[in-house]
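In this chain, numbering begins with 1 at the start of the sequence shown.
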Amino acid sequence: APPPTWNRLFRELRQTQQLAWSAPASALSLGLAASELLVPRLRGKLFDAAIQPGASFPAMWPALRVLALLAVVGWALNIASSILFARARWGAAMSGRERLFTSLLDQEPAFFDRQTPGELSSRLLTEPERLESLANRGPERALSALLSIGGSLTLMLSMDSRLALVAVALRAPLIGMLAEIAGRTVGLLGVLQQHA
């Protein structure tokens, strides 16, 4: 079973996620990414048609029309997903702040003697937004990262499997260690900032 801190984090993420807004926003964002994958192929076809001997505008018109349609669809998807993500962020931040204020009001007076006012106000301002960002953008970023890693690894293995395995074996531990050091440093700086 996951440790209690992970259970609490997952519970907070479920409460913060605003799935009614973030799920369609993520779907639209992934649709936008999929439509952008088609653009280089269509541009390549358009370029090939343009350099052919006797190239004419009617020969290029179908590719131009699809590119224009993808640009309009991408623009609409970008605006719609941004609006939905903004609504999810606002709802999650307000909900988190309300729960934090309620929790603060339920505390005993001795609690406020042990906490510095700067730390309390800093946490009230920053933690709901951090949790909201993790809850709403986290799954999309994780899926995008997994797709990038899978595609890169597939491409590397298809070119030279031995070199790919050496690169992964050398870089993965180093990147993991650097990420752990960066996380600790950011946490320490956050604590120092709250105390300051």
Step by step, work out the side-chain contact (heavy atoms from CB on, under 4.5 Å) result for Leu67 and Arg43. CA-CA 8 Å; Leu67 273 172; Arg43 284 188 182 152; 4.0 Å; yes
CA sep, side-chain torsions, deciding dist, call: Arg184, Leu188, side-chain contact (heavy atoms from CB on, under 4.5 Å): CA-CA 6 Å; Arg184 285 183 188 159; Leu188 177 63; over 6 Å; no
In sequence, state the C-alpha distance, the side-chain angles, and the governing distance for Met177 and Ile181, and then conclude on side-chain contact (heavy atoms from CB on, under 4.5 Å). CA-CA 6 Å; Met177 185 177 63; Ile181 291 170; 4.1 Å; yes
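Qualifying ring-ring contact (aromatic ring centres under 6.0 Å, His included) partners for Trp61, counting only residues two or more places apart in sequence or in other chains: Phe57.
Counting heavy atoms from C-beta outward, Asp160 and Met156 have side chains that stay 4.5 Å or more apart.
Ala164 and Leu157 make their closest contact through CB-CD2, 3.8 Å (heavy atoms, listed as atom of the first residue, atom of the second, distance). Here the closest heavy-atom approach between residue Leu46 and residue Leu64 is recorded as CD2-CD2, 3.6 Å. Considering every non-hydrogen atom in both Ser29 and Phe85, the closest pair reads CB-CE1, 4.2 Å. Closest non-hydrogen pair, Ala25 versus Ser81, comes out as O-CB, 3.7 Å. Considering all non-hydrogen atoms of both residues, Leu70 and Ser35 come closest at CD2-CB, 3.9 Å.
Cluster membership for Phe47 and Val39, using ILVMFWY side-chain heavy atoms within less than 4.5 angstrom, is not shared. By the rule that hydrophobic residues join a cluster once side-chain heavy atoms approach within less than 4.5 Å of another member, Val73 and Leu28 end up as members of one cluster. In this structure, Leu32 is a member of the same hydrophobic cluster as Leu69, with clusters built from ILVMFWY side-chain heavy atoms closer than 4.5 Å.
In this structure, Phe111 places its CZ atom where more than 12 heavy-atom neighbours from other residues, nucleotides or ligands lie under 6.0 Å away.
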